[in-house]
2 protein chains.
Amino acid sequence: MQTPSLPISAIAESATASFQPLYEQIKSLITRSLVSQEWKPGEAIPSEMDLAKRYGVSQGTVRKAVDALANEYILVRHQGKGTFVATHTAPSQQYRFLRVRDDSGEVVHPTTSFIGLEKVKADAGIAAKLGVRVGTTIATVQRVLIFAERPLIFDQIHLVNAEFGGLTMAALEASRGSIYSYLETTYGTRMIRAEEKIKSVAADKVAAKYLNVRVGAPLLSIDRVAYTYGDKPVEWRRGLCLTDGYSYFNELA
Amino acid sequence: MQTPSLPISAIAESATASFQPLYEQIKSLITRSLVSQEWKPGEAIPSEMDLAKRYGVSQGTVRKAVDALANEYILVRHQGKGTFVATHTAPSQQYRFLRVRDDSGEVVHPTTSFIGLEKVKADAGIAAKLGVRVGTTIATVQRVLIFAERPLIFDQIHLVNAEFGGLTMAALEASRGSIYSYLETTYGTRMIRAEEKIKSVAADKVAAKYLNVRVGAPLLSIDRVAYTYGDKPVEWRRGLCLTDGYSYFNELA
DNA sequence: GAGTGGTCTAGACCACCCC
DNA sequence: GGGTGGTCTAGACCACTCT
């Protein structure tokens with residue numbers, strides 16, 4: 001059969017000029033359920049057969065949609081068990097976006113030392129990066145990441161407060177893990193993607209103090225905007241990183 | 001039918017303990033033809049139906065293998081025309097691995113100024129990175145990349161000479177494009193993947209001279225090993241990069 | 001054994017390109 | 001019109017997990 005019973009959005013879809021494959025529509029529908037937290041990080045989603053019935057398409061089409069989401073690390077498949085909403089809480093996933101490793105390529109798990117948390121009003125620069133109005137309340141976290149006893153990264157992390165109300169220093173310190181895993185378990189918001197801009201800068205007084213180097217020492221400045229489901233930006237951070245014995249690793253394909 | 005006529009390698013395969021899906025085997029067979037240059041960069045490979053007949057599998061299985069290779073930018077599909085071996089020669093692909101853009105994210109196409117070419121014997125460090133024996137002849141190219149009239153990157157590029165015999169300054173200068181597109185058209189060797197290690201360093205005398213900055217200015221040091229078909233390393237380079245008005249962009253997923 | 005995802009096949013029709 | 005890749009379906013069997 002070539003013309004399947006169409007999913008809910010199909011009628012609206014066919015009215016638009018741009019053609020969208022069925023599996024893309026299914027992908028959007030699944031994403032919608034993730035945004036609405038029908039299925040939360042760590043939980044199993046319905047089986048492929050069930051989803052096929054629900055959306056009125058074949059199992060193969062659901063499979064293609066799930067394949068795409070699994071490639072983006074939004075879902076995770078486990079043969080014989082089911083398909084799960086991806087999570088940052090597993091130890092191996094705690095620092096999924098951290099590309100700094102020791103020079104040999106060995107992954108080093110850092111510990112965190114929190115410095116402070118304050119709520120500020122967004123200026124034009126940060127408002128643009130986070131897609132909010134100027135003056136929106138932003139939570140700013142300062143911390144140092146320590147690799148093998150050495151302070152290596154000084155982070156300033158800016159979060160949209162509306163998304164993460166009630167964030168406190170005490171809670172962060174108690175969480176003892178990565179910020180992302182805390183935000184995920186507490187607010188159900190998972191970072192699925194990020195963009196980084198890297199520069200080489202000289203250490204200023206503040207960075208020099210926290211990283212224990214002289215003013216003027218060369219550091220990596222790593223700017224990051226992180227996005228949650230539906231490509232919504234929710235975090236902007238700047239990390240200043242010492243690269244003495246450590247490097248930023250990247251794969252190009 | 002569940003048991004298809006098996007591809008050539010299947011008998012050997014079934015004897016080994018590790019199971020490999022058919023489409024992975026097809027992928028290897030296609031890769032083998034790329035390594036042997038049966039199909040060269042820019043050329044079309046046989047249609048999916050033809051490949052299916054050739055390997056004795058269904059079109060769907062060939063499709064899955066080609067899908068994987070297309071995702072790795074090793075092959076490129078064109079609906080209605082065919083599937084082609086990917087190439088670095090198209091203008092948009094000339095600088096596929098170059099992640100330096102101006103701060104707004106705009107792609108800037110640099111021009112090249114070659115400084116010199118010499119052939120040297122590999123020391124232990126470079127031999128390890130390129131997977132060759134110590135003492136193997138290496139061609140070392142020095143150049144500066146110029147972005148909007150400004151010298152921004154000073155590169156030292158090391159190539160396995162055996163792979164690229166007869167490389168001359170004159171040929172490089174005449175090529176007027178990226179090194180990769182020259183190597184690809186001249187030697188049929190295409191870079192399919194690369195790994196970079198980034199540090200922040202202070203400019204030394206040489207870099208300061210070529211980049212027109214003071215000694216000690218902070219620069220990105222970008223180390224790269226590039227691999228061709230079959231994950232064979234053939235190039236190691238170090239670029240020293242000014243990040244004044246420009247940044248290194250990265251996508252994390 | 002029942003249920004899940006993983007692989008493979010066979011055949012249909014669509015969208016695109018070129019003759 | 002004929003060939004190419006792109007989408008979708010239907011059904012089979014395999015591999016893994018849990019009970």
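Reminder, nothing fancy here: chain letters follow the sequence lines and each chain counts from 1.
Between B/S58 and C/dA10 there is no side-chain polar atom (N or O) within less than 4.0 angstrom of OP1 or OP2. Residue B/K64 has no polar side-chain atom (N or O) positioned under 4.0 Å from OP1 or OP2 of C/dC8. Of the side-chain N and O atoms in B/R63, one or more sit less than 4.0 angstrom from OP1 or OP2 of D/dG6. The side chain of B/R77 places an N or O atom within less than 4.0 Å of a non-bridging phosphate oxygen (OP1 or OP2) of D/dG6. Listed pair B/T61 / C/dC8 fails the phosphate criterion, with no side-chain N or O lying under 4.0 Å from OP1 or OP2. For A/T83 and C/dG5, the shortest distance from a side-chain N or O to OP1 or OP2 is below 4.0 Å.
Taking 4.0 Å as the cut-off between side-chain N and carboxylate O, A/R238 and A/D155 do not count as a salt-bridged pair. One finds a salt bridge joining B/D103 and A/K199 here, because a Lys/Arg side-chain nitrogen approaches an Asp/Glu carboxylate oxygen to under 4.0 Å.
Between A/S113 and A/I146, the closest side-chain pair of non-hydrogen atoms falls below 4.5 Å.
Between the CD1 atom of A/I26 and the P atom of D/dT7 there is a distance of 14 Å, given to the nearest Å. A/L22 has its CG atom 4 Å from the P atom of D/dC8, to the nearest Å. A straight line from CG of B/D50 to C1' of D/dG2 spans 14 Å, rounded to a whole angstrom. The CD atom of B/Q59 sits 13 Å away from the C1' atom of C/dC13 (whole-angstrom rounding). Here the C1' atom of nucleotide D/dG5 and the CG atom of B/L51 are 12 Å apart, to the nearest Å. With rounding to whole Å, B/M49 atom CE is found 11 Å from D/dT4 atom C1'. As a whole-Å value, the separation of B/E48 CD from C/dA10 P is 15 Å. Nucleotide D/dG6 holds its P atom 9 Å from the OH atom of A/Y23, rounded to whole Å.
Taking the six-membered ring where tryptophan is involved, the planes of B/F164 and B/Y187 are perpendicular, since the angle between them exceeds 60° and thus also 30°.
Residue order along DNA chain D, read from the 5' end via each residue's closest nucleotide, puts A/E24 first among A/E24 and A/K81.
Judged purely by atom type and a 3.5 angstrom limit, A/T185 uses its side chain to pair as donor or acceptor with the backbone of A/S181.
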